[in-house]
Amino acid sequence: MSPINITRLYQKLAKNLPEAKSELAFKNHFELLIAVILSTQSTDKTVNKVTPTLFASCPTPVAMLAMGQSRLATIIKPIGLAPAKSKNIINTCKIILEKHAGKIPGTREELEQLPGVGRKTANVVLNEGFDKPTIAVDTHVFRVSNRTGLAPGKTVLTTELKLLEVTPEKWLKNAHHYLILHGRYTCKAKNFDCQYCVIKKECGFTEKTNN
DNA sequence: AACTCGGGGCA
DNA sequence: TGCCCAGAGTT
């Protein structure tokens, strides 16, 4: 078995996806954290529809608490899962004020204590807000990593650790964006067509059982 | 491990 | 119009 050329794989994805970067609009750690929590089961573009309005009236945790859960839910309704997300955001703001002096913590352990923040969300915040070498693994990244053989793993966590291990430092910052876009538009869960894939030579997926 | 939340995106 | 999620929390 010949190991896949990982550097070449990233080079080709980068060349094919020059726009592969975060589209979330945020000005500081607080806005980043809230925007990423809102991104759960949604998209950056959808989140950007409500965050300008939201952050204009709620630029801080204190302002968010003053706004209140029900009014927050009304503002973020277009994103989906509004009841759960608004509740989590309010409780997260309380913890940030009570335990972190109003500042967003920069460690995985502290971030994952916040309601609405799981492994994936924490990784995005650490990567984009604190320049930590993390790769956020969602269903797309998980599928692409396994199907191509880039970072096979039985669970999302094992795939994430494998990705960190095999990904050259140069590609660490944007690996998530390359893999997620590749998964969304080319290496789709169903009805994918390897004929149009730019990394088919680097890919270990041999059973071309399309459609 | 399975279920739920929910509007968006897309065929 | 129906299907599938750019997940996390609960049971």
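The basis for the numbers below is simple: all heavy atoms, side chains too, and nothing from hydrogens, waters or symmetry mates. Below, chains carry the letters A, B, ... as their sequence lines are ordered, and counting in each starts from 1. Remember, it's a predicted structure, so these values are computed and weren't measured experimentally.
- The separation of C/dT1 from B/dG6, taken at their P atoms, amounts to 23 Å, rounded to a whole angstrom.
- A/Leu17 has its side chain out of reach of A/Val198: every pair of non-hydrogen atoms, C-beta onward, lies at least 4.5 Å apart.
- Not counting sequence neighbours, the partners of A/Ala25 by the side-chain contact (heavy atoms from CB on, under 4.5 Å) test are A/Asn48.
- Across the protein-nucleic acid pair, A/Lys85 atom NZ and C/dG7 atom C1' stand 9 Å apart, rounded to whole Å.
- A/Arg147 forms a cation-pi arrangement with A/Phe192, by the criterion of a distance under 6.0 Å to the ring centre and an angle within 45° of the ring axis.
- Here the P atom of nucleotide B/dC5 and the CD1 atom of A/Ile89 are 19 Å apart, to the nearest Å.
- For A/Cys194 against A/Phe205, the heavy-atom pair with the smallest separation is SG-CD2, 4.2 Å.
- Applying the ring pair (Phe, Tyr, Trp, His ring centres under 6.0 Å) definition to pairs two or more places apart or across chains, those involving residues 77-135 of chain A are A/His29-A/Phe130.
- The side chain to side chain donor-acceptor pair (under 3.5 Å) contacts involving residues 51-76 of chain A comprise nothing, where partners must be two or more places apart or lie in separate chains.
- Residue pairs meeting the side chain to side chain donor-acceptor pair (under 3.5 Å) criterion with at least one partner in residues 10-26 of chain A, sequence neighbours excluded, are A/Tyr10-A/Thr167, A/Lys12-A/Glu202, A/Ser22-A/Glu128.
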Which atoms of nucleotides 8-11 of chain C (N or O only) lie under 3.5 Å from a protein N or O atom, and what are those distances?
unit_1, atom_1, unit_2, atom_2, d
C/dA8, OP1, A/Thr121, N, 2.9
C/dA8, OP1, A/Thr121, OG1, 2.8
C/dG9, OP1, A/Gly116, N, 2.5

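- Atom CD of A/Gln41 is separated from atom C1' of B/dC5 by 9 Å (rounded to the nearest Å).
- For residues 30-42 of chain A, the set of pairs meeting the side chain to side chain donor-acceptor pair (under 3.5 Å) definition, not counting sequence neighbours, comprises A/Lys27-A/Glu31.
- Nucleotides C/dG9 and B/dG8 have their P atoms positioned 23 Å apart, rounded to a whole Å.
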Report, one pair per line, the protein and nucleotides 8-11 of chain B atoms (nitrogen or oxygen only) whose separation is under 3.5 Å.
unit_1, atom_1, unit_2, atom_2, d
B/dG8, O3', A/Thr46, OG1, 3.4

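- Residues forming a salt bridge (charged side-chain N to carboxylate O under 4.0 Å, His left out) with A/Lys132 (at least two apart in sequence, or on another chain): none.
- Taking each heavy atom of A/Pro61 and A/Leu97 in turn, the nearest pair found is CB-CG, 4.0 Å.
- Here side chain to side chain donor-acceptor pair (under 3.5 Å) pairs that include residues 113-124 of chain A, with residues two or more places apart or in two chains, are A/Arg108-A/Asn123, A/Arg119-A/Glu160, A/Asn123-A/Glu160.
- Shown here are the side-chain contact (heavy atoms from CB on, under 4.5 Å) partners of A/Lys173, two or more places apart in sequence or in another chain: A/Asn127, A/Asp131.
- Atom pair A/Leu38:CG and B/dG7:P shows a separation of 15 Å (rounding to whole Å applied).
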Protein-nucleotides 2-4 of chain C N/O pairs under 3.5 Å:
unit_1, atom_1, unit_2, atom_2, d
C/dC4, OP1, A/Lys190, NZ, 3.3

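- Using a 4.0 Å cut-off on heavy atoms, none of the residues of residues 15-29 of chain A approach DNA chain C.
- In this structure, A/Leu9 and A/Ile199 approach most closely via the heavy-atom pair O-CG2, 3.7 Å.
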